Amino acid sequence: MSHSAASQPAIARNSRPLTGEVRIPGDKSISHRSFMFGGLAAGETRIIGLLEGEDVLRTGQAMKAMGAHIEKKGEEWIIRGTGNGALLQPQAPLDFGNAGTGARLTMGLVGTYDMETTFIGDASLQSRPMGRVLDPLRQMGVQVLSAASGDRMPLTLRGPAHAAPITYQVPMASAQVKSAVLLAALNTPGITTVIEPIMTRDHTEKMLKGFGAKIDVETDERGVRHIFIEGQGKLTGQTIHVPGDPSSAAFPLVAALIVPGSDITICNVLMNPTRTGLILTLQEMGADIEIFNPRNEGGEDVADLRVRHSQLKGVTVPAERAPSMIDEYPVLAVAASFAEGETRMPGLEELRVKESDRLAAMAAGLRQNHVDCTEGEASLAVRGVPGGKGLGGGEAVKTHLDHRIAMSFLVMGLASQHPVTIDDKAVIATSFPEFMDLMTGLGAHIEAVEAMP
Ligand code: S3P
């Protein structure tokens, strides 16, 4: 993988107004699931608009290693799946690189197979907790033959001859844990129930239904979701149009808000309500974001966004909104650095276990670039400087193999008085390979810098 090679520093400088129209690459969550479910379903799946980021391609490799046929024809990916219950034991460890979603969902998918599967990844992925997925899998009869300390990767799973259906209440707000149990249920007889007290992104439920799985969701009077899935049914190949990733759109969006005079249009953004918390928060901060051309594509809401520079003001982001914007806090902290007053972000405990400890990484990078902020156990407060006077000019920000930390600080440098440098831009390719070109195309002053010897 490219980011295991020498690091590639990059610098972002105060830029002239950003202008133009961009199309955002496909949603990462939906792209992973497209490869997985297409690789599992009987018959042909066609994927249009797949995100060709490193993370997603790893998932494609894993599905190939377990018997799926995957090829690219023109702009489309064509998959012939194995049929539900018919994945093959991979001949070698599955290497998920940087991809937590790919690794955790695949653990669920293959965990209930009577075969051995080994999972490996890069330093970031190997530091992330996998017990949250292994715990429910153990209850279903899956053996963890080996794992690094604290249930971390590298790890090897062995499924039982017949897995047991369970009722599992997800203990933290995590779509990955929910999804891992639902996917394990696909190869388990009977009905598995997942109880989700706080709703997270619902792509697994929606897409599995589209592939023909017997899955039902009931929401009780307290808002708790009960997801029932019957295993060992038939899944049939689908045509999938992957909408643009709102978590990637967040970077040009915040850039346009903080660079004076900017006026850009971002086309084809997924507007699933479990993913739009950032837009709502920025609007509360006074952002000029016009949502137009709303449409439904392949069962998902999609729209275009016109974004103009805005003077933002600090707000308190409700903790219960966190699941709908969990990947967007780093770039929200950047927006907050240019807002008037304080922005308070509570309820961020999950940020500690992302590709990096994002709370610590953001607080360190902000402080280095002269932003006044306070890092709590599970919170961040940022006191902004409208106009960005005095901001930037720090040492290279440590990105810790985290694509969203890298992109967030490059966005910051576009509006701060002094440049902002990051230690490694290579990791951006995990989710948004087009980032540098797309941003410079809008007028952003971002470039690679010579690595230190
Ligand atoms: C994802 C779920 C979230 C998110 C990740 C993608 C998914 O992780 O941060 O980028 O596709 O299910 P958690 O489930 O750990 O919150």
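Excluded from the calculations below are hydrogen atoms, water molecules and symmetry mates; all remaining heavy atoms, backbone and side chain alike, are included. These figures come from a predicted structure and were not determined experimentally. Counting from 1, the numbers follow the sequence of the chain as shown.
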Got a sec, which residues hit salt bridge (charged side-chain N to carboxylate O under 4.0 Å, His left out) with [X], two or more places apart in sequence or on another chain?
| X | result |
| --- | --- |
| K209 | D216 |
| R152 | none |
| D220 | R222 |
| R383 | E342, D372 |

Do you see a donor-acceptor pair shorter than 3.5 Å between the side chains of [X] and [Y]?
| X | Y | result |
| --- | --- | --- |
| R201 | S29 | yes |
| D423 | T399 | yes |
| H32 | T59 | yes |
| D402 | S356 | yes |
| T200 | K178 | yes |
| N272 | D202 | yes |
| R33 | S179 | yes |
| Q8 | K425 | yes |

Legend entry - Where at least one partner belongs to residues 383-418, residue pairs that pass ring-ring contact (aromatic ring centres under 6.0 Å, His included), sequence neighbours excluded: none
Legend entry - Partner of K73 by salt bridge (charged side-chain N to carboxylate O under 4.0 Å, His left out), out of E76, E71, E75: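 That would be E71; it is the only one of E76, E71, E75 passing the salt bridge (charged side-chain N to carboxylate O under 4.0 Å, His left out) with K73.
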Legend entry - Side-chain (N268) to main-chain (R23) donor-acceptor, under 3.5 angstrom: no
Inset, instruction - Without swapping roles, check the side chain of N14 against the backbone of S416 for a donor-acceptor pair under 3.5 Å. - result: yes
Legend entry - With R295 via side-chain hydrogen bond (donor to acceptor under 3.5 Å, both in side chains) - residues at least two apart: E297, D304
Inset, instruction - Apply side-chain hydrogen bond (donor to acceptor under 3.5 Å, both in side chains) to S31 and list each qualifying residue two or more places apart in sequence or on a separate chain. - result: none
Legend entry - Sequence-distant partners of E434, side chain to side chain contact (heavy atoms under 4.5 Å, CB included), two or more places apart: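 Per chain and number, E434 pairs via side chain to side chain contact (heavy atoms under 4.5 Å, CB included) with P25, F432.
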Inset, instruction - State plainly whether the residues K398 and E395 are in salt-bridge range, i.e. N to O under 4.0 Å. - result: no
Mind checking ring pair (Phe, Tyr, Trp, His ring centres under 6.0 Å) for [X] and listing every partner two or more places apart, or none if nothing turns up?
| X | value |
| --- | --- |
| F251 | none |
| F35 | W77 |
| Y329 | none |

Inset, instruction - Mind running side-chain hydrogen bond (donor to acceptor under 3.5 Å, both in side chains) on Q238 and T45 for me, showing each step along the way? - result: CA-CA 5 Å; Q238 299 294 298; T45 287; over 6 Å; no
Inset, instruction - Please assess E328 against R404 for the test salt bridge (charged side-chain N to carboxylate O under 4.0 Å, His left out), listing each intermediate value before the final yes or no. - result: CA-CA 8 Å; E328 283 68 81; R404 299 199 204 282; 5.2 Å; no
Inset, instruction - In sequence, state the C-alpha distance, the side-chain angles, and the governing distance for R352 and E350, and then conclude on salt bridge (charged side-chain N to carboxylate O under 4.0 Å, His left out). - result: CA-CA 5 Å; R352 298 240 178 243; E350 280 295 305; over 6 Å; no
Inset, instruction - Step by step, work out the salt bridge (charged side-chain N to carboxylate O under 4.0 Å, His left out) result for K72 and E52. - result: CA-CA 11 Å; K72 193 173 179 194; E52 295 177 7; 2.7 Å; yes
Inset, instruction - Decide yes or no for Q311 and K313: does some side-chain heavy atom of the first lie under 4.5 Å from some side-chain heavy atom of the second? - result: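 Sidechains of K313 and Q311: no contact.
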Legend entry - Note, V382 side chain near M345 side chain (heavy atom, < 4.5 Å):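 Contact flag for V382/M345 side chains = yes.
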Legend entry - side-chain hydrogen bond (donor to acceptor under 3.5 Å, both in side chains) between D288 and S310, intermediate numbers included: CA-CA 6 Å; D288 182 350; S310 311; 5.2 Å; no
Legend entry - salt bridge (Lys or Arg N to Asp or Glu O under 4.0 Å) contacts touching residues 95-105 (sequence neighbours left out): R58-D95
Legend entry - R275 and D27: CA distance, side-chain angles, deciding distance, salt bridge (charged side-chain N to carboxylate O under 4.0 Å, His left out) verdict: CA-CA 11 Å; R275 301 289 300 281; D27 185 69; 2.9 Å; yes
